[in-house]
Undergrad: 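Here it is, the structure, as C-alpha cells.
The shown structure was predicted, so the numbers you read here are calculated from the model rather than taken from an experiment. What's counted below: heavy atoms across the whole structure, side chains too, no hydrogens, waters or symmetry copies.
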Amino acid sequence: MSLVEGTIVVMDLDEFGELVEEKGWSEYRPNIVTGTLTSLVEWFVSKWRAVVVYGLDKERGTEEVVLEIPGVEPDEVREDLEYIRRRIEELGASITIIAVKGYVGLKPAKSRREAYYGTPSRTLAHKLLKKAKRRGGNIVIVQ
C-alpha cells in the first residue's frame, strides 16, 4: 500500500444504542440521526475528495465512519466538522469526531479492524476517539 500525507477523520455517534432504544427506532433502517449523518458524510466526502475507508451505510444509516483525505491538513476541515457536529446535536444526539494528520492509504478497508488499525495513523485516530468518548465526546484536531 502506497501512503501519502493527509488527514484521517473518524466520526462516531455517542451512546447511540441507548438513544435508538429510547426512541424506539429500528437498528436496521436509517433514522433521522443516522440518515442525516449519512448525508453529511457524503457532502463532506464530495467537498474534500475524501476516501471512505469504512462505515458509510446508506441502507442502515451511518453510525461511525473512517475517512482519509490526501494532501489536506486537519485544521482545514475543522469548520466543516464543527458544522457536522452542530447538525447532529440539533437532532438530539452527540458525536465524537477526530481529525489527525498522518499517512493515508486511500482505499476502503476490508474490515472494521483494518479500518481502525490498518495504518499507524488510523490506530492513533482510534485511540484518540476512545479517549475523547470517555471524556464526553467532542472534536479533536491533531496536527
Side-chain angles (χ1 to χ4, degrees), residues 1-21 23 25-89 91-143:
M1 171 191 312
S2 145
L3 301 174
V4 298
E5 276 197 1
T7 295
I8 297 91
V9 175
V10 180
M11 302 182 203
D12 190 16
L13 294 169
D14 299 326
E15 299 175 5
F16 194 66
E18 294 170 14
L19 184 62
V20 166
E21 193 173 305
K23 300 282 188 184
W25 292 334
S26 169
E27 295 178 42
Y28 305 104
R29 299 190 331 233
N31 55 56
I32 188 65
V33 176
T34 60
T36 299
L37 183 56
T38 298
S39 296
L40 290 167
V41 168
E42 289 176 325
W43 161 77
F44 184 86
V45 165
S46 175
K47 178 176 181 178
W48 290 101
R49 296 187 181 124
V51 172
V52 178
V53 174
Y54 176 81
L56 185 65
D57 190 340
K58 294 179 189 180
E59 290 180 24
R60 293 179 67 172
T62 301
E63 291 185 43
E64 64 179 334
V65 69
V66 178
L67 308 172
E68 293 183 336
I69 313 164
V72 170
E73 296 288 324
D75 238 12
E76 294 177 68
V77 298
R78 179 189 297 268
E79 191 174 307
D80 289 339
L81 297 178
E82 288 286 354
Y83 173 75
I84 292 170
R85 183 189 55 79
R86 283 192 310 274
R87 288 287 311 277
I88 295 302
E89 287 179 353
L91 299 172
S94 65
I95 188 169
T96 300
I97 302 174
I98 306 295
V100 176
K101 181 177 181 171
Y103 288 97
V104 296
L106 305 174
K107 68 179 213 181
K110 293 178 176 75
S111 66
R112 186 176 190 275
R113 180 171 181 74
E114 183 184 332
Y116 286 114
Y117 301 104
T119 68
S121 299
R122 288 188 211 158
T123 302
L124 173 61
H126 186 248
K127 182 178 177 180
L128 292 170
L129 177 76
K130 290 193 309 188
K131 188 175 182 178
K133 287 177 93 56
R134 282 194 300 271
R135 293 186 174 162
N138 210 333
I139 293 182
V140 177
I141 306 285
V142 177
Q143 290 287 41

Undergrad: Of all the heavy-atom pairs spanning Tyr54 and Ala115, show the shortest one and how long it is.
TA: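 That would be CB-CB, 3.3 Å.
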Undergrad: Which atoms form the tightest heavy-atom contact between Tyr103 and Thr119, and what is the distance?
TA: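 Smallest heavy-atom distance, with atoms named: O-OG1, 4.1 Å.
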Undergrad: Give a yes or no answer on whether the side chain of Glu68 reaches the backbone of Gly105 with a donor-acceptor pair at less than 3.5 Å.
TA: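 Yes: the side chain of Glu68 pairs with the backbone of Gly105.
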Undergrad: Restricting to side chain to side chain contact (heavy atoms under 4.5 Å, CB included), what partner residues turn up for Arg29, sequence neighbours left out?
TA: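 Residues passing side chain to side chain contact (heavy atoms under 4.5 Å, CB included) with Arg29: Ser26.
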Undergrad: Which atom pair, heavy atoms only, marks the closest approach of Gly92 to Leu19?
TA: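 So the two residues come closest at O-CD2, 4.0 Å.
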Undergrad: Using modelled atom types only, decide if a donor and an acceptor are shared between the side chain of Thr7 and the backbone of Ala99 within a distance under 3.5 Å.
TA: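 Flag not set: sc Thr7 to bb Ala99 has no pair under 3.5 Å.
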Undergrad: Would Ile95 and Phe16 count as a side chain to side chain contact (heavy atoms under 4.5 Å, CB included) here? Give the steps.
TA: CA-CA 9 Å; Ile95 188 169; Phe16 194 66; over 6 Å; no
Undergrad: Does the side chain of Trp48 come within less than 4.5 Å of Leu67's, by heavy atoms?
TA: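 No, their side chains stay 4.5 Å or more apart.
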Undergrad: With sequence neighbours excluded, what pairs up with Lys58 under the side chain to side chain contact (heavy atoms under 4.5 Å, CB included) test?
TA: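 Once residues adjacent in sequence are excluded, the partners of Lys58 under the side chain to side chain contact (heavy atoms under 4.5 Å, CB included) criterion are Thr38, Glu42.
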Undergrad: With side chain to side chain contact (heavy atoms under 4.5 Å, CB included) as the test, would you mind laying out the steps for Val66 and Tyr116 before giving the verdict?
TA: CA-CA 8 Å; Val66 178; Tyr116 286 114; 3.7 Å; yes
Undergrad: Does any N or O in the side chain of Glu64 come within less than 3.5 Å of the main-chain N or O of Met11, such that one atom is a donor and the other an acceptor?
TA: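 Pair absent, no side-chain N/O of Glu64 close to backbone of Met11.
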Undergrad: Please state whether the rings of Tyr117 and His126 are parallel, tilted or perpendicular, taking 30° and 60° as the class boundaries.
TA: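 Perpendicular.
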Undergrad: Search all heavy atoms of Val140 against all heavy atoms of Ala132 and return the closest pair with its distance.
TA: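 Closest approach of Val140 to Ala132: CG2-CB, 4.0 Å.
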Undergrad: Between CD1 of Ile8 and CD1 of Ile69, what distance do you get to the nearest 0.5 Å?
TA: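 The distance works out to 9.0 Å.
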Undergrad: Check Ala109 against Glu114 and note the closest heavy-atom contact, atom names and distance.
TA: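 So the two residues come closest at CA-OE2, 3.7 Å.
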Undergrad: Once side chain to side chain contact (heavy atoms under 4.5 Å, CB included) is applied, do any residues pair with Glu89, and if so which ones, sequence neighbours excluded?
TA: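 Glu89 satisfies side chain to side chain contact (heavy atoms under 4.5 Å, CB included) with Arg85 only.
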Undergrad: Please round to the nearest 0.5 Å and tell me the distance separating atom OG1 of Thr34 and atom CD1 of Ile88.
TA: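 That separation rounds to 9.0 Å.
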Undergrad: Quick check for you: to the nearest 0.5 Å, what is the distance between Asp57 atom CG and Thr62 atom OG1?
TA: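 With rounding to 0.5 Å, CG (Asp57) is 6.0 Å from OG1 (Thr62).
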Undergrad: State the CD1-CZ distance between Ile97 and Phe44, to the nearest 0.5 angstrom.
TA: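 It comes to 8.5 Å.
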Undergrad: Check Glu27 with Arg60, please: is the shortest side-chain N to carboxylate O separation under 4.0 Å?
TA: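 Salt bridge between Arg60 and Glu27, a charged N being under 4.0 Å from a carboxylate O: no.
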Undergrad: Does Arg86 have more than 12 heavy atoms from other residues, nucleotides or ligands lying within 6.0 Å of its CZ?
TA: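 It does: Arg86 CZ has more than 12 such atoms within range.
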Undergrad: Given side chain to side chain contact (heavy atoms under 4.5 Å, CB included), test Glu82 with Glu79 step by step and report yes or no.
TA: CA-CA 5 Å; Glu82 288 286 354; Glu79 191 174 307; 5.7 Å; no
Undergrad: Taking C-beta and beyond as the side chain, do Leu129 and Asp12 meet within less than 4.5 Å on heavy atoms?
TA: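 Contact flag for Leu129/Asp12 side chains = yes.
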Undergrad: Could you tell me which non-hydrogen atom of Pro70 sits nearest to which non-hydrogen atom of Val4, and how far apart they are?
TA: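 For Pro70 versus Val4, the nearest heavy atoms are CB-CG2, 4.0 Å.
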Undergrad: When you measure from the side chain of Lys133 to the backbone of Leu13, do you find a donor-acceptor pair of N or O atoms at a distance under 3.5 Å?
TA: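 Such a contact is found between Lys133 side chain and Leu13 backbone.
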Undergrad: Backbone N or O of Glu15 within a donor-acceptor pair of the Glu18 side chain at under 3.5 Å?
TA: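 No, the answer is negative, given that no donor and acceptor are paired below the 3.5 Å cut-off.
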Undergrad: Whether the side chain of Glu21 engages the backbone of Gly17 through a donor-acceptor N/O pair (distance < 3.5 Å, no angle test) should be reported.
TA: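 Here the side-chain-to-backbone pair does not exist.
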Undergrad: Distance check, rounded to the nearest 0.5 Å: Thr96 atom OG1 versus Leu128 atom CG?
TA: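 Reported value, rounded in 0.5 Å steps: 11.5 Å.
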Undergrad: Between Ile98 and Val9, does a side chain to side chain contact (heavy atoms under 4.5 Å, CB included) hold up when you go through it step by step?
TA: CA-CA 6 Å; Ile98 306 295; Val9 175; over 6 Å; no
Undergrad: Could you measure the distance from the CZ atom of Arg87 to the CD1 atom of Ile84? Nearest 0.5 Å is fine.
TA: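 Going from the CZ atom of Arg87 to the CD1 atom of Ile84 covers 9.5 Å.
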Undergrad: Please confirm whether the backbone N or O of Trp43 pairs with a side-chain atom of Ser46, one donor and one acceptor, at under 3.5 Å?
TA: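 No.
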